[in-house]
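Okay, structure first, notes after.
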Amino acid sequence: MSSEENGEGTGAGSSMQSPRKSNPSKRVTMSGVENVQEVDTTAGVKEEGGGLSSPASTAAVTDDGNLAPEEAPVAENGSSNDQTETPAPPKRLTKVERLVGNIEKRRENRMEVSQKARKKFLSICRAKVGGDSSIGIPIAELRTMRDEHRQDGEVGPIFECAVNLSETIDAKAFYFRDFNEYYLTLQDTYLRRNPFIGAIVGVLAYYICSLILFCGIMGNNSTCPSTAGGPAYEGWLSAIYFASVTISTVGYGDVSVVGSGTEVWRVFIGVAYMVYAMVVAVTVFSSLSSRAMDIAQNTIAPKLEPFLDKWTTMKKSEALAAQLKRVWVFKVVELSLEFLLINLFGMCCAMIVMATTEDGDKIDWSWMTAFYWAVQTTTTIGYGDLDMPFDLRWFNFFFAIVGTTFAASILSSLSDLKTNMKEMRRLYVWKHQEVSMQLIADMEGDGDNSLDEYEFLIGSLLTLEKIQPEDVEEIMDKFRALAGADGIIDQKDVEDHHAKLSTLSKSDIERYNAQQREKMEE
């Protein structure tokens, strides 16, 4: 991939070029190109005696693009003529921060298109380059393509945006694969904007399909029983209950798809239903449960924050080992209490069912038995060694889902505790690291006994294990492949890349188009 392609891919190609101070530049928007006035705020001002003053702060710009008038100078005693305190100057952004800002802005301003329009746009571009997406389309040809498809529904604005981008960065070729990935995004549908609603619809569809399958199609006497003298809701309640214990993987064994017989077709449906339930569990249901956990944590956590901070906040004045031990003990106790509470809730509800239903009176459960049942439900073990009253299914089809979700989250947090403690330790040490020669020696890479922002960024990411050495190696291999012998990606590398690709003849493209037409005719 060329350096130009890399620039289009990250949205930061123009920001890494040599700066042109106080010259107007252009910014690409979805509607066209806007002129933007850049103001150099990083250069120091040379003072008498040969020194440099502190870098200037970011200059204020009015709505009409002019610089705002400077504020009145502050007297040495810290007060101005009107005795008002001068606000602190804004933070001066580094190149890294400006690059991050540019990339985030590009992501936010991506053009929304439909799946159909994007597919057609890519098809047109592939045909132009003979199916090789690594080949750039000359800008002159891109303008021709724009003119040809200007009135072509949603495709026209996509080509218009592509031309605007290419003209702004003065590109010689257009790489549609990078443009599609980094400058286009699919239009949000209602369910994409509201994934929680989509998850609810998916779970409801799962239960409805289960009812239709077991009570409507199969007429299974186990999953949808209809006994003489039994309640009218016996069949559909059993089907919903079975759907819940299946998707939660509890599986007590009291209800079975093959309960009415072991014919091959029943076994096949049982296998297919288990696979279907697991697909729903890892896609739709996992999204729903995660959202429910977020709501619970956002509702309860703020109220407990003053108490939690007392035990989990790391202090610079206290020994690190003692703080980590205190946090570890607190987290274990916290997770244990949460697990206990969810099972106590299940135990209490089960005992209420036992005390208030006719079936419950026939089965003698103690409080400890009810707690035993709750634990084997939330942990999805489901031995199936207890006789459960039928009316308990009213509660269990809900508890099997909610209980296992919360218990899984708690147990997962407990298993991740060791890893989280290591991350907390690394972050604490990094945050309280002072400027020293040891800091420079640990992070500098060129032997000049100094750290620039790039060395500090990469060194910190590696120290905090946010990235791994293998990630850096892969990225730098890509950089070496794009850069020339001078180790810099510049305009010369772009021109050399275009020269290599110019060997693609017009006959190659025509041959590809003919092959595509033959496939369509077939």
Side-chain angles (χ1 to χ4, degrees), residues 191 195-292 346 350 353 359 363 373-408:
L191 293 182
F196 186 62
I197 301 298
I200 292 177
V201 172
V203 171
L204 289 177
Y206 166 73
Y207 281 107
I208 293 173
C209 290
S210 300
L211 283 172
I212 295 174
L213 175 64
F214 297 127
C215 296
I217 299 176
M218 294 183 63
N220 193 318
N221 290 331
S222 178
T223 53
C224 188
S226 178
T227 58
Y233 54 79
E234 181 182 17
W236 62 262
L237 176 59
S238 297
I240 293 177
Y241 163 75
F242 178 71
S244 291
V245 297
T246 301
I247 198 174
S248 62
T249 70
V250 176
Y252 298 108
D254 55 341
V255 180
S256 173
V257 175
V258 296
S260 300
T262 56
E263 297 93 334
V264 174
W265 69 273
R266 290 184 183 275
V267 176
F268 175 78
I269 290 178
V271 172
Y273 183 75
M274 286 187 289
V275 174
Y276 168 60
M278 290 302 96
V279 170
V280 175
V282 300
T283 54
V284 178
F285 180 70
S286 61
S287 174
L288 181 62
S289 59
S290 298
R291 178 60 177 167
V353 173
D359 287 341
I363 301 176
W373 167 83
V375 172
Q376 67 171 266
T377 299
T378 57
T379 56
T380 73
I381 293 175
Y383 291 120
D385 54 347
L386 295 175
D387 291 329
M388 294 181 290
F390 181 82
D391 288 332
L392 185 59
R393 294 179 179 181
W394 284 106
F395 169 69
N396 203 16
F397 86 79
F398 163 79
F399 185 66
I401 297 294
V402 176
T404 55
T405 298
F406 279 87

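Owing to the predicted nature of the structure, the values given are computational and were not obtained by experimental measurement.
D391 is linked by a salt bridge (Lys or Arg N to Asp or Glu O under 4.0 Å) to nothing, counting only residues two or more places apart in sequence or in another chain. For Y233, the ring pair (Phe, Tyr, Trp, His ring centres under 6.0 Å) partners at least two apart in sequence or on another chain are W394. For T246, the side-chain hydrogen bond (donor to acceptor under 3.5 Å, both in side chains) test picks out no residue, with sequence neighbours left out. For T378, the side-chain hydrogen bond (donor to acceptor under 3.5 Å, both in side chains) partners at least two apart in sequence or on another chain are N343. Not counting sequence neighbours, the partners of T377 by the side-chain hydrogen bond (donor to acceptor under 3.5 Å, both in side chains) test are Y252. Residues passing the side-chain contact (heavy atoms from CB on, under 4.5 Å) test with S226, sequence neighbours excluded: none. F398 meets the ring pair (Phe, Tyr, Trp, His ring centres under 6.0 Å) test with no other residue; sequence neighbours excluded. Considering only residues two or more places apart in sequence or on other chains, F399 meets the ring pair (Phe, Tyr, Trp, His ring centres under 6.0 Å) condition with W373, F395. Here L213 pairs with M218, I269, Y273 under the side-chain contact (heavy atoms from CB on, under 4.5 Å) rule; sequence neighbours left out. Taking F268 as the reference, nothing meets the side-chain contact (heavy atoms from CB on, under 4.5 Å) condition, with sequence neighbours excluded.
Residues in residues 223-250 take part in no salt bridge (charged side-chain N to carboxylate O under 4.0 Å, His left out) pair, two or more places apart or across chains. Residue pairs that meet the salt bridge (charged side-chain N to carboxylate O under 4.0 Å, His left out) test with at least one member in residues 195-219, sequence neighbours left out, do not exist here.
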